[in-house]
Each structure stands twice: as C-alpha cells, then as structure tokens.
Number of protein chains: 2
Amino acid sequence: MRTGSTAKRSPDVSPWPKPEQREINRALKREAVLLRAVEFFNEKGFHATSLDDVALSLNVTKPTIYHYFANKDEILFACVQRGLEEIGQAAQAAEQAGGNGLQRLRALLIDYAMMMSDGFGACVGRTPDHALSAESLSRIKALKRDTDAIVRRVIEAGMADGSIAVADVRLTTFTALGALNWISRWYDPAGPLSKREIAEHSVATLIGGLAARSDSNRRGE
Amino acid sequence: MRTGSTAKRSPDVSPWPKPEQREINRALKREAVLLRAVEFFNEKGFHATSLDDVALSLNVTKPTIYHYFANKDEILFACVQRGLEEIGQAAQAAEQAGGNGLQRLRALLIDYAMMMSDGFGACVGRTPDHALSAESLSRIKALKRDTDAIVRRVIEAGMADGSIAVADVRLTTFTALGALNWISRWYDPAGPLSKREIAEHSVATLIGGLAARSDSNRRGE
DNA sequence: TCACGATTATACTGGCGAGTAAACAACGTC
DNA sequence: GACGTTGTTTACTCGCCAGTATAATCGTGA
C-alpha cells in the first residue's frame, strides 16, 4: 500500500509541492474512510460493521483508520453529521427560493427524499438513536432540530400564503419526513424507478393526499 | 426463581392439574421471554441487546432462554412475526369492514400506526433487514407482502368507488406505510399526545395531503 | 545524507457475547 | 420410593471486535 504514484498536478508554475498538499492528502484519506464506512453502515448496520473489514476494503489495516478517527462512534457521527449538513444546506436553499410555501416545500421535500436514497443521507435515515453515543446523539439531535425548524417555517409560510393547510405543523413535519426517511430503508438502486422518480411521486402523494378531491371527501368528514 | 406460587385456578371441579397445564406454563414462559426481549430490542437494537441482560431481567440465566428458543435470531424472528401477525389481522379486519375504500383505508392505517407505537409492532418498524438471518428475512418479507397486498387492495377498492385517487398504488403504499413505520422511531410514551392522537393525525395528513384545497393547488399544476 | 515527524503495519490485549456441556433441581409417573 | 423427564444453573469455550503498543516505513526539510 505504498503510495508509489504521484498525483498529477494542476498546471501550476512552482515545481515544489505546496506545504498544504499533505493536509489535502490527509483530508482525502479521511474522506475515503468515511465514504467507504458509510457504505458498510448502510448495508450491514453499525454494530455488524467491523473496522477490520472497512480497512481491508481500502487496502490498509485497522490502525490506519484509528490514525484519522478517534473511535468507531466518531466515524458514525461524522457520517450522520455529513448527511445532515447536506440535507440542511438543501433545505436552506429551498427555503430561500422563489415561489409560494407549497412550491418551496415541494422542492425541499424532493431534495430531501433524493438524499435519503443513498450515501450519507441514507445513513441519517438508517441510524437509530441507540447506535450513537450519548454525546454524539445530542449533537445529532441539535442538527436535526435545525432541519426540522426549516421545514416547519416553510410549512408555516405556506399556511400564511394560503397554499398549505395542515392542522398541526409539528406532527405534519414528523409524518412527511417519516415517509421520506423510510425511503432510506427500501430504495433499491437496481429497482425500476430512479431516486428522482420515487422522490417526486412520494412528495406528490404527501402533498396531494390519498383522498380523491371531491365533495364526498371534504376535510373533516 | 423457583415457581413457588400456584396460579389461582378457574372454578374447575377437578383437584388434579390437567396434563396440559405444563404445556400452558411452558408457553407462558416462552411468551414472557418474547415480551421482555422485544422491549430490549426496541430500546437498544438487536445487536446491542445481550441475552444475558434479558435473562437477568427475568430472574433466570441465559441457558434458560435457550431452553425455549434455538438461538437469538429465532427470538427476533418471533418478535417480528408476532408484530406482522397482529398487523395482518387488523388489516384483514379493516378490509372486511363496511364503508367505502377511503373509510376502510383510514381505519386500517390508524390501527397500523397505533401498533407501530410499541411492542411487537414497533419491533417490525425498528428491525432493519440486515438484523435478520437470510432465512428469517425471507419469511418476514413474505408476511410483509401479505400486509402490503391488503393495503393495496383497499386502495384499489377506493379508487374503484371514487373515494381514493392516487397515481401509483405501489409507491403510495410504500409512502404511507413509511410515514407510519417511522412512528416506531419517534413515538414517545411520555410525550404530550397519545398513540391514538398521533395515529389519527398522521393518517389525516396522509389522506388530506399538505396542500390547501383550492383552485390554485389543483392536482397536476 | 540524516533526523524527525507522519503514516502504516504487526502483534496483541481485553472484554463481550452467542452458544453449550454437564450438573443439579424440580416435577410427574409408575 | 425410584426413575425419567423437564427446567434451570454453573462453568465454560470460542470467536469476534474495539482499541492499542510498538515497530517499520515513508516523506520532508535542513
């Protein structure tokens, strides 16, 4: 596992490597561990994933992983945190986009659902509270509250502009995000539908509801 | 752990214990193991649950548990199977009830959501595929397909009688059940709402949708 | 070229937990 | 009362895995 090959450099004038190149390599290696670990976590679950197996798949040994991470819990935490950061950024972008509340909510939920299909986003959906240490869990919960807060603000904005009508914003947020979180559990990349098709349909179902829109199904019947 | 107390008998005439009483006691002990094990599985997850701890909480030792179950996987399988049986029976009852498709679907989903709040039903929602052995998983998937099939038939009946309108029955079933499955992940018995209140609201949200019913939000816009 | 820090590997500890062998206790039948 | 069966305990094996001590290798700077 000697790094025999030199990375092809950008057409930079200086022939000497920048002092920060080592930091970049270190970050790249750490990222490689995370990307591989999240695959294992998503497929086997946290407890059934051994760091020996993760290391083997990266052609290194386990102590190498411990060079970049303090312990196994930190690796899981980093994966879930990354997923929540991606989700949070997408949620913020959707909140700040144009359109009424419903349109922004629709875009937000579609992005959310797509992220639940694989990678770090799926890790968010697939990681139960008890897999994380108490300290990690409290930090993760804080991040989740941030995302929830954005979703609720968008729903409230939609209620204010008349495009959304729900009885309880908090429970509605749980219900909608629950449906999309579950995609992390059943989405199959080998299945007939793409993650976007699934996302769009699931969100359309949440927005439109199951009831046929007719006088016989008026709300509150 | 000696069984010092005699169970109070029904007012039966014969003073001799029935030969089947031992079978009944055996079944009661097996049930006690399941009821306790599912609490541990729901709280800690399958892998983080040790049978030593389960046994200790029942005031017996681990080999006693192995007297009633072949292995740990069989215990988890029995818990999930029990949950799916309860869900399946409720689904069948709802399918055969009166009312149009939407009314039957509403009753079915409320029962389903309530069962997701605790016990064996929550175990169904909280058990990822990779926690089960391959053989157990294939049997569990068969049971899940049965339940899914009932939900789809009720949706199809509702589409036929005009009370339900959805674009894709299969994806709609996944989305709706996903939302309710997620209740197993966040329901808190100490929270302000009862499981019935949460169930009724979540199902109302799924049925009614997030969009306000107005001309500006017509389906397909 | 050498020293030093960073990176990685070898070998290992310690603990946990699934599962079991053998022994003991309790129960039921003859 | 003896014996067989059932239920339970004690003591244990074995394997796995998180995590680490120490050594070796590599890369960089002087």
Side-chain angles (χ1 to χ4, degrees), chain A residues 1-7 9 14-33 36-37 40-41 44-78 131-133 136, chain B residues 1-7 14-33 36-37 40-41 44-77 131-133 136:
Chain A
M1 60 294 199
R2 294 167 179 271
T3 54
S5 63
T6 326
R9 300 189 183 292
S14 174
W16 289 279
K18 294 188 166 77
E20 63 269 23
Q21 186 60 42
R22 169 171 278 182
E23 285 301 312
I24 290 172
N25 282 339
R26 182 184 172 85
L28 283 174
K29 288 173 179 176
R30 188 178 191 276
E31 185 74 6
V33 172
R36 187 59 52 86
F40 275 85
F41 289 154
K44 296 168 177 283
F46 177 72
H47 288 285
T49 294
S50 82
L51 296 185
D52 269 313
D53 284 343
V54 177
L56 184 66
S57 76
L58 290 165
N59 293 324
V60 295
T61 57
K62 183 166 55 178
T64 299
I65 294 186
Y66 281 90
H67 182 70
Y68 297 98
F69 294 94
N71 53 45
K72 196 181 182 187
D73 174 74
E74 182 179 309
I75 300 172
L76 180 65
F77 172 78
L132 290 151
S133 70
S136 296
Chain B
M1 62 291 200
R2 294 165 180 269
T3 55
S5 63
T6 324
S14 173
W16 288 278
K18 294 185 164 77
E20 64 268 23
Q21 187 60 43
R22 170 171 278 185
E23 286 300 314
I24 290 171
N25 282 339
R26 182 182 172 85
L28 283 174
K29 288 175 180 177
R30 188 179 192 276
E31 186 73 7
V33 173
R36 187 59 52 89
F40 276 85
F41 290 154
K44 296 169 179 280
F46 176 73
H47 287 286
T49 293
S50 81
L51 296 185
D52 268 313
D53 284 344
V54 176
L56 184 65
S57 75
L58 290 165
N59 293 323
V60 296
T61 56
K62 183 166 56 176
T64 299
I65 294 185
Y66 282 89
H67 181 72
Y68 297 98
F69 294 94
N71 52 44
K72 196 181 182 186
D73 174 73
E74 181 179 309
I75 300 173
L76 179 64
F77 172 77
L132 290 150
S133 70
S136 295

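To find a chain, count down the sequence lines: A is the first, B the second, and so on, and within it residues start at 1.
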Please give, in whole Å, the distance from [N] [atom2] to [X] [atom1]?
{"X": "B/E74", "N": "C/dA18", "atom1": "CD", "atom2": "P", "value": "15 Å"}
{"X": "A/I24", "N": "D/dG27", "atom1": "CD1", "atom2": "C1'", "value": "16 Å"}
{"X": "B/Y66", "N": "D/dT10", "atom1": "OH", "atom2": "P", "value": "17 Å"}
{"X": "A/K72", "N": "C/dG15", "atom1": "NZ", "atom2": "C1'", "value": "15 Å"}
{"X": "A/D52", "N": "C/dT13", "atom1": "CG", "atom2": "P", "value": "16 Å"}
{"X": "A/H47", "N": "C/dC16", "atom1": "NE2", "atom2": "C1'", "value": "13 Å"}
{"X": "A/F40", "N": "D/dC17", "atom1": "CZ", "atom2": "P", "value": "12 Å"}
{"X": "B/K44", "N": "C/dG17", "atom1": "NZ", "atom2": "P", "value": "9 Å"}

Per [X] side chain, nearest of listed nucleotides [options]:
{"X": "A/K29", "options": "C/dA21, C/dT8, D/dG7", "answer": "C/dT8"}
{"X": "A/S50", "options": "D/dC17, D/dA11, D/dT28", "answer": "D/dC17"}
{"X": "A/R22", "options": "C/dA6, C/dC27, C/dA18", "answer": "C/dA6"}

Side chain of A/K62, base of D/dG19: donor and acceptor closer than 3.5 Å?
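Pair found.
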
Would you say a side-chain N or O of A/R26 is under 4.0 Å from OP1 or OP2 of C/dA6?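 Answer no for this pair, as no side-chain N or O of A/R26 is under 4.0 Å from OP1 or OP2.
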
For C/dT8, take OP1 and OP2 only and decide whether either is under 4.0 Å from a side-chain N or O of A/H67.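 No.
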
query = Would a 4.5 Å heavy-atom cut-off, applied to side chains only, mark B/V60 and B/V33 as touching?
reply =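 The answer is no, as the side chains (C-beta and beyond) never meet within the 4.5 Å cut-off.
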
(request) Name the nucleic acid region contacted by B/Y68, choosing base, sugar-phosphate or nothing; use a 4.0 angstrom heavy-atom cut-off, strictly under. (result)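 Sugar-phosphate contact only.
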
Is A/T64 touching bases, backbone alone, or none of the nucleic acid, heavy atoms closer than 4.0 Å?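 Sugar-phosphate, no base atom in range.
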
Any side-chain to backbone donor/acceptor pair from A/T49 onto A/F40? Under 3.5 Å, distance only.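 The answer is yes, because a donor-acceptor pair under 3.5 Å joins these two groups.
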
query = So, A/K72 side chain and A/F46 main chain: donor-acceptor pair closer than 3.5 Å or not?
reply =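 Checking the backbone N and O of A/F46 against the side chain of A/K72, a donor-acceptor pair under 3.5 Å is found.
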
- Task: Search all heavy atoms of B/E74 against all heavy atoms of B/Y68 and return the closest pair with its distance.
- Result: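 Closest pair (atom of B/E74, atom of B/Y68, distance): OE2-O, 4.3 Å.
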
**Q.** Taking every non-hydrogen atom, the tightest pair across A/A55 and A/K62
**A.**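 Distance-wise, the nearest heavy atoms are CB-N, 3.6 Å.
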
